[in-house]
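Please read the structure below before turning to the comments.
Residue numbers begin at 1 in each chain, while the letters A, B, ... track the order of the sequences.
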Number of protein chains: 2
Amino acid sequence: MHSQNLINIIADELPELNKSESKVAHVILADPDRATSSSIAALAKAAGVSEPSVNRFCKRFNAAGFPDFKLKLAKALVSGVRFVNRNVDPGDDVTSYTPKIFDSTINNLAMVRDRISHTRVNQVVDKLIQAKRIYFFGLGASGSVARDAENKFFRFNLPVSFHDDVLMQRMLASTGGTGDVFFFISHTGRTKEVVEVAALAKANGSTVIGLTAPDSPLAVISSVTLDVEVPENTDEYMPMTSRIVHLVILDVLATGVTLRRGPDFLPHLEKIKDSLKSTRYIKET
Amino acid sequence: MHSQNLINIIADELPELNKSESKVAHVILADPDRATSSSIAALAKAAGVSEPSVNRFCKRFNAAGFPDFKLKLAKALVSGVRFVNRNVDPGDDVTSYTPKIFDSTINNLAMVRDRISHTRVNQVVDKLIQAKRIYFFGLGASGSVARDAENKFFRFNLPVSFHDDVLMQRMLASTGGTGDVFFFISHTGRTKEVVEVAALAKANGSTVIGLTAPDSPLAVISSVTLDVEVPENTDEYMPMTSRIVHLVILDVLATGVTLRRGPDFLPHLEKIKDSLKSTRYIKET
DNA sequence: CATCTTTATGAAATTTTCTTACAAAAGAGG
DNA sequence: CCTCTTTTGTAAGAAAATTTCATAAAGATG
């Protein structure tokens with residue numbers, strides 16, 4: 001597991017803290033940025049506790065003392081809270097909504113990075129390595145993700161295709177069998193068509209992989225599921241970011257496959273890269 | 001431009017510093033991490049100068065004093081370390097390469113967030129709002145981005161389409177005219193076909209928007225360019241992250257258009273959302 | 001429910017760290 | 001070589017943080 005953010009650690013520990021520690025925690029969580037520039041005396045006063053209590057609080061969270069704690073807090077602020085979810089408001093102008101959308105995306109990526117199951121990733125890489133054929137299926141926005149996956153996995157020198165057409169998906173699912181991997185991408189994991197096709201593929205003995213929401217019908221039916229828990233879209237204006245998380249996970253899978261293939265495979269990748277060179281204007285440097 | 005990293009600022013100022021300030025700078029740059037956990041006395045000794053000299057040094061760089069300086073340095077270190085390319089090594093296992101790929105993506109997003117021109121974003125939103133038709137064009141991996149964009153902009157109730165077929169692109173570009181927006185997505189901005197089609201569209205009086213690398217042939221030819229500077233792919237194993245940055249920028253643009261349309265437009269978006277409900281299994285909560 | 005034990009908390013003293021005031025040294029300009 | 005400016009350090013003082021210790025609160029035990 002990745003190192004957790006100090007702010008989250010404090011928030012998590014909140015119920016375990018005693019009275020004065022809890023007071024300190026609340027003051028810090030309320031305005032962590034301010035806390036980093038306060039003296040121990042100021043913070044103690046704000047929390048209504050004594051200075052040694054603040055000091056003990058710091059040591060409880062593995063800091064050498066108050067200054068060290070402030071340092072750690074400042075670092076945590078840079079990496080974490082900076083990317084806090086801030087909703088887009090109707091009155092926002094470019095300078096407001098642009099960073100908000102970036103931050104929200106970054107935030108979701110950071111969350112999934114810390115939560116994704118490495119075991120599952122490994123299992124999926126296994127399946128992909130062993131596959132005789134790979135089909136990437138998705139509808140709507142997930143169709144684009146599937147298309148991108150095709151483009152990526154095409155390089156591995158095995159039959160890959162993507163389909164965003166339900167009838168095609170259905171036909172292929174029914175003709176597949178052992179050795180075929182059907183990779184389903186779905187934000188909700190509840191689209192009836194998708195679940196039905198996945199069931200069909202599974203019934204025919206194919207391997208079904210689901211990149212989707214945990215505990216969804218698609219997740220339940222899949223041979224291996226890569227759970228992606230991205231918060232519900234609470235804001236009317238905030239775009240859906242699960243697509244992006246899905247894309248990055250496919251990057252991870254592709255990297256996993258490349259690494260498994262070993263260094264002998266690199267020349268092949270080089271060859272594909274080179275094949276594109278002639279299509280481009282040369283960059284003068 | 002966003003605030004520059006403190007470490008870089010110090011390095012840049014190096015020639016302007018006087019003797020003792022320069023000594024302090026060298027010690028800090030040699031091991032900034034250590035500096036954040038030193039006392040002013042320790043640092044002064046390490047640099048071979050007096051404590052007030054260190055203090056003056058800090059104030060020169062807009063810190064309130066030494067502790068404040070350490071805080072700022074610590075923050076700079078965090079954002080700096082994140083931008084360090086942690087390449088995927090051939091020997092990496094899942095637990096290593098997974099966070100590396102996420103981090104690399106996050107870093108690129110954070111970089112573009114800080115560098116993207118809000119003025120340009122606004123200009124593009126203007127063009128999109130005024131457009132009678134919008135075409136999203138891309139090849140290869142950028143084709144998926146274009147497809148995603150179509151899916152997104154379709155909701156705005158105006159004729160949008162995406163094309164990843166060069167011949168189709170060419171035909172459409174030649175038939176377009178005033179009021180038509182051709183939106184080109186390209187990682188390098190140097191693919192000959194793409195640049196030619198863009199030139200064709202421009203020659204026919206259409207608006208050409210380029211989401212691409214700065215100073216590339218495509219960027220030069222476009223009516224408005226959204227520059228995306230994503231570091232070159234140095235690592236064989238590290239996937240290309242510009243696609244993802246492009247997607248997020250399209251999210252930003254779509255949000256910009258939605259906000260411009262104003263609150264009267266929201267019911268329309270709701271209607272589209274609702275139309276998908278019947279295709280899904282209901283979530284029991 | 002009284003008493004003992006443990007734990008939690010703060011006052012005060014101590015120590016460490018930082019800042020300021022001022023003076024000495026170094027350098028620039030005439 | 002003097003004067004003025006800039007740079008640097010010494011030493012004093014101020015501020016901040018930590019430790020010690022005493023007391024209060026909470027909990028356990030008979």
Side-chain angles (χ1 to χ4, degrees), chain A residues 6 9-77, chain B residues 6 9-77:
Chain A
L6 180 57
I9 295 175
I10 296 175
D12 287 351
E13 285 279 301
L14 216 47
E16 317 295 326
L17 300 177
N18 57 41
K19 223 187 296 175
S20 58
E21 281 174 337
S22 156
K23 281 187 205 165
V24 176
H26 277 106
V27 172
I28 290 172
L29 292 177
D31 191 349
D33 203 50
R34 184 200 178 88
T36 60
S37 54
S38 306
S39 70
I40 193 169
L43 196 68
K45 199 178 163 199
V49 299
S50 70
E51 299 183 25
S53 288
V54 176
N55 191 271
R56 280 187 288 262
F57 175 90
C58 298
K59 286 183 173 166
R60 190 186 207 292
F61 289 97
N62 298 314
F66 183 69
D68 185 47
F69 177 84
K70 283 200 291 189
L71 226 63
K72 293 199 159 103
L73 189 64
K75 286 181 180 174
L77 278 173
Chain B
L6 179 58
I9 295 175
I10 296 174
D12 286 352
E13 285 278 299
L14 216 47
E16 318 293 327
L17 300 177
N18 57 40
K19 222 187 298 175
S20 58
E21 282 173 337
S22 157
K23 281 186 204 166
V24 176
H26 277 105
V27 172
I28 290 173
L29 291 177
D31 192 349
D33 204 49
R34 185 200 175 87
T36 60
S37 54
S38 307
S39 70
I40 194 168
L43 196 68
K45 200 178 163 199
V49 300
S50 69
E51 298 182 23
S53 288
V54 176
N55 192 274
R56 281 188 287 260
F57 175 90
C58 297
K59 288 184 172 164
R60 192 186 205 291
F61 289 98
N62 299 313
F66 183 69
D68 184 47
F69 177 85
K70 282 199 291 189
L71 223 66
K72 293 196 159 107
L73 189 64
K75 285 181 181 174
L77 276 175

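Side-chain N or O atoms of B:K72 include none that pairs as donor or acceptor with a backbone N or O of B:F61 at under 3.5 Å.
One finds the CG atom of A:L17 at 13.0 Å from the NZ atom of A:K23 (value rounded to the nearest 0.5 Å). Atoms NZ and SG, from A:K70 and A:C58 in turn, are 9.5 Å apart once rounded to the nearest 0.5 Å. Atom CZ of residue B:R56 and atom OG of residue B:S50 lie 5.5 Å apart, to the nearest 0.5 angstrom. Taken from NZ in B:K75 to CG in B:L73, the straight-line distance is 12.0 Å, to the nearest 0.5 Å.
In this structure, A:F69 and A:F66 have parallel ring planes: the angle between them is below the 30° cut-off, well short of the 60° mark.
Listed in residue order, the members of residues 28-42 of chain B having a heavy atom less than 4.0 Å from DNA chain C are B:S39, B:I40. Less than 4.0 Å separates DNA chain C from at least one heavy atom of each of the following residues of residues 59-70 of chain B: B:K59, B:G65, B:F66, B:P67, B:K70.
To the nearest angstrom, P of C:dT15 lies 17 Å from CG of A:N55. Put simply, CZ on B:F57 is 17 Å from C1' on C:dC18, counting in whole angstrom units.
Heavy-atom minimum distance, A:D68 versus A:A63: OD2-CA, 3.3 Å. Contact record, B:L71 with A:T36: CD2-O, 3.2 Å, taken as the closest heavy-atom pair. Here the closest heavy-atom approach between residue A:R60 and residue A:E13 is recorded as NH1-OE1, 3.0 Å. Nearest heavy atoms, A:N55 versus A:G65: ND2-CA, 4.5 Å.
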How does each nucleotide of nucleotides 3-13 of chain D score, in 5' to 3' order, for protein heavy atoms under 4.0 Å: base (B), sugar-phosphate only (S), or none (-)? ----SBBBB--
